[in-house]
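Quick caveat: nothing in here was measured; it's all calculated off a predicted structure. Quick note: numbers below take in every heavy atom, side chains included, and nothing from hydrogens, waters or symmetry partners.
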Amino acid sequence: MRKTGALIGTSFAVLLVITSITFLVERTERQDLRQLEELNSFKTLHMIKSAMERELNEAFFQLGALAAYISVNPEIEKDDFNVFSRNLLRQKSHVLSIGAAPDMVVKYVYPYGKNKAIIGLDYRKLEKQKYLVFLAKSSGHQVLAGPLRLALGRNVLIARAPVYLAEGTAESRGGSFWGIVSVLIDAEALFRDVGLKNENYDISVRGRDGKGEKGEVFYGNPDVFSSEPALLPIPVPNGLWQIAAIPKLSTPSGSEKIMLIRMIGLFLSLSVITFATFRFRYLKEREAEKIKLEAALLDAEKANRAKSEFLANMSHELRTPLNAIIGFSDLISSVTQNKPGVEKIGEYAGDINQSGHHLLEIINEILDLSKVEAGNFSATIEDVYIQDVSENMLRMMRNSIAKGKLTVIENMPDDLPPVQSDERMVKQIFLNLMSNAVKFTPAEGKITLSAEIAGDGRVKVILADTGVGMSEEDLVVALQPFGQTDSYLVRSQQGTGLGLPLVKAFMELLDGEFYIQSQVGVGTEITLIFPVN
């Protein structure tokens with residue numbers, strides 16, 4: 001054990017050193033790769049940010065041009081508005097449509113066909129858009145709303161700008177508020193063209209309506225922002241957006257250097273483990289051989305002790321009936337010469353017969369148990385009626401029951417189904433159990449024999465007595481072959497100690513179940529469960 005402990009301790013220490021070195025080298029390499037990864041992430045985000053700002057500025061420029069044109073032409077007509085808007089849309093941008101709302105009510109829109117439904121829309125009555133519209137009016141600057149989802153399912157951004165009349169017009173006071181102009185930007189096309197969909201990075205954008213960090217995530221997976229991403233702000237007229245990115249495939253885990261470091265560490269660890277395993281197996285085999293030798297020695301001692309106990313028990317059990325047979329035979333021989341009465345000879349012959357039967361019973365029990373343990377005991381399976389076996393057994397035991405002044409209560413239903421078992425073995429089981437109950441139950445005691453059909457259809461037999469009972473330690477001894485407890489009543493009775501072991505062996509052979517419960521001074525209850533099929 002000391003050698004094994006030292007081997008395990010040394011192997012564990014070496015593995016710990018190898019693992020620690022591998023971990024430190026890998027962590028250093030991961031830090032270098034992570035820094036490189038962060039630089040690449042920021043490089044990608046800066047390119048996307050620049051493209052985003054460029055595309056938005058084009059739309060804002062068109063919006064500003066429209067606001068400037070109307071500020072000097074406040075009495076613009078529909079045709080003039082359409083001509084100017086058509087020329088604006090010829091410029092490359094993501095603007096889908098252009099609108100103008102004098103006094104906060106939409107009056108002009110281009111193109112007209114797809115957007116005519118918004119003519120007459122009063123911004124002051126739109127709860128979700130009113131705040132940004134009035135923000136544009138009060139600040140005098142452009143604002144950006146969205147992204148918003150239109151009824152047709154398209155995501156758009158809405159850029160709005162206030163229009164203040166140019167000073168010196170003939171009909172209006174200089175600098176007075178005219179209304180709102182707006183452009184509708186295709187958000188999906190914008191996000192696609194600036195590169196938000198990237199094969200190497202998961203990119204997300206938040207800050208709907210320019211609310212920055214507090215705004216909703218309107219593009220990508222919201223979990224990106226909780227994963228320590230690379231993060232950059234994108235200014236918009238009324239606030240900012242935040243764009244974040246994390247790599248789709250973590251570079252460190254796939255790094256060739258890290259894989260090489262791991263392979264080296266794994267090789268060294270496996271070498272140590274292999275050496276320790278073979279060494280441990282060698283020590284274990286030696287220990288197993290030692291244990292086998294000790295177990296063999298112990299088994300030999302147990303066998304020798306069992307043999308001695310068996311011979312001690314059998315010498316008493318066999319000598320008693322043999323002495324009776326020899327003694328009564330001598331008496332018959334001697335009294336015959338003196339010509340005694342026939343009655344006395346008959347009495348002696350009865351005692352000889354009883355002793356002979358007792359001796360045969362002992363030998364049969366020893367032989368039966370030996371056959372079962374050797375696997376040579378065969379059972380003939382047939383239909384066996386438990387109630388008939390019980391009745392025959394009680395008829396055979398009636399003299400012993402009467403002699404012991406015992407009360408036997410039988411509760412065996414007549415309609416019990418037949419069990420699939422060996423009739424001779426079942427009879428032996430009942431006789432052994434009833435014999436024990438009669439022997440170890442004091443006078444005026446009670447024995448109850450009952451049966452019922454269990455929930456699974458099997459037949460359950462219960463034999464309970466009010467005898468001397470046994471403790472848990474006594475039960476262990478009683479279930480061993482030739483085992484007899486130290487109770488004065490048990491020791492005063494004849495027997496080999498094979499009754500319960502035979503019952504247990506027979507029930508196992510018949511695929512049944514055997515349970516025993518006992519309490520000193522209270523009695524014993526034995527449960528047998530026989531298979532029906």
Side-chain angles (χ1 to χ4, degrees), residues 47-121 123 129 132-133 136-137 140-166 169 177-197 205 210 218-219 234-238 241:
M47 294 175 61
I48 295 174
K49 175 183 177 182
S50 299
M52 183 81 74
E53 290 177 342
R54 182 179 63 252
E55 296 296 332
L56 289 176
N57 286 337
E58 289 179 357
F60 295 147
F61 174 78
Q62 293 173 333
L63 180 64
L66 177 62
Y69 177 76
I70 294 178
S71 68
V72 297
N73 296 283
E75 301 300 331
I76 186 172
E77 297 294 335
K78 179 179 179 181
D79 291 340
D80 294 335
F81 176 82
N82 289 339
V83 171
F84 188 83
S85 299
R86 183 166 53 251
N87 290 329
L88 283 179
L89 291 182
R90 286 176 180 173
Q91 302 177 22
K92 181 182 178 181
S93 69
H94 293 90
V95 174
L96 297 172
S97 62
I98 300 173
D103 294 328
M104 298 289 190
V105 178
V106 177
K107 183 177 180 181
Y108 307 110
V109 63
Y110 183 86
Y112 178 77
K114 297 180 180 180
N115 302 288
K116 62 182 180 179
I118 66 171
I119 297 296
L121 179 66
Y123 285 142
Q129 299 186 32
L132 289 177
V133 171
K137 177 182 177 182
H141 300 294
Q142 296 176 345
V143 296
L144 184 65
L148 305 172
R149 181 172 290 275
L150 298 180
L152 297 178
R154 172 176 288 182
N155 286 327
V156 297
L157 297 167
I158 303 176
R160 295 187 178 93
V163 177
Y164 288 90
L165 298 179
T169 57
F177 178 73
W178 179 85
I180 296 292
V181 291
S182 60
V183 294
L184 209 64
I185 303 171
D186 188 344
E188 295 178 359
L190 172 66
F191 296 156
R192 181 187 64 246
D193 293 343
V194 300
L196 287 183
K197 188 175 183 180
V205 187
F218 57 81
Y219 184 89
I234 300 178
V236 293
N238 51 300
W241 293 346

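Under a 3.5 Å cut-off, the side chain of Q62 and the backbone N or O of L88 do form a donor-acceptor pair. Formation of a donor-acceptor pair under 3.5 Å by the Y123 side chain with backbone atoms of V106 is not found in this model.
Once rounded to the nearest 0.5 Å, the distance linking CD1 of I118 with OG of S182 reads 6.5 Å. Note: M52 CE to D193 CG = 10.5 Å, rounded to the nearest 0.5 Å. Atom NZ of K78 and atom OH of Y110 lie 12.0 Å apart (nearest 0.5 Å). If you take CG on L66 and OG on S71, they are separated by 9.5 Å, rounding to the nearest 0.5 Å.
Side-chain contact between P147 and R154 is absent, with no heavy atoms from C-beta onward closer than 4.5 Å. Counting only heavy atoms from C-beta outward, the side chains of E58 and E55 approach each other to under 4.5 Å. Considering only heavy atoms from C-beta on, L56 comes within 4.5 Å of L190 through its side chain. H94 is not listed as a side-chain neighbour of L157, based on a closest heavy-atom distance of 4.5 Å or more. By the 4.5 Å heavy-atom criterion applied to side chains, Y112 and F81 are not counted as neighbours. Residues L63 and V181 are in side-chain contact: their nearest non-hydrogen atoms beyond the backbone lie under 4.5 Å apart. Side-chain atoms of N238 and H141, non-hydrogen and from C-beta on, never get closer than 4.5 Å to each other. Proximity of V194 to R54: side-chain heavy atoms (C-beta onward) are nowhere separated by under 4.5 Å.
In this structure, V95 and A59 approach most closely via the heavy-atom pair CG2-CB, 3.8 Å. The two residues Y164 and G140 have their closest heavy-atom pair at CE1-CA, 4.3 Å. The minimum heavy-atom distance linking Q142 with A161 is given by the pair CG-CB, 3.7 Å. Nearest heavy atom pair, residue F84 against residue A65, reads CZ-O, 3.7 Å. Closest of all the heavy-atom pairs between L165 and I70 is CD2-O, 4.4 Å. The two residues I76 and Y108 come nearest to each other via the heavy atoms O-OH, 2.8 Å.
Atom CG of D103 is surrounded by 12 or fewer heavy atoms from other residues, nucleotides or ligands within 6.0 Å. Atom NZ of K49 sits in a crowded spot, with more than 12 heavy atoms from other residues, nucleotides or ligands closer than 6.0 Å.
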Inset, instruction - Step by step, work out the side-chain contact (heavy atoms from CB on, under 4.5 Å) result for Y219 and K197. - result: CA-CA 10 Å; Y219 184 89; K197 188 175 183 180; 3.8 Å; yes

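Each of I185, D186, L96 was evaluated against V156; a single residue qualifies, L96, per the side chain to side chain contact (heavy atoms under 4.5 Å, CB included) test.
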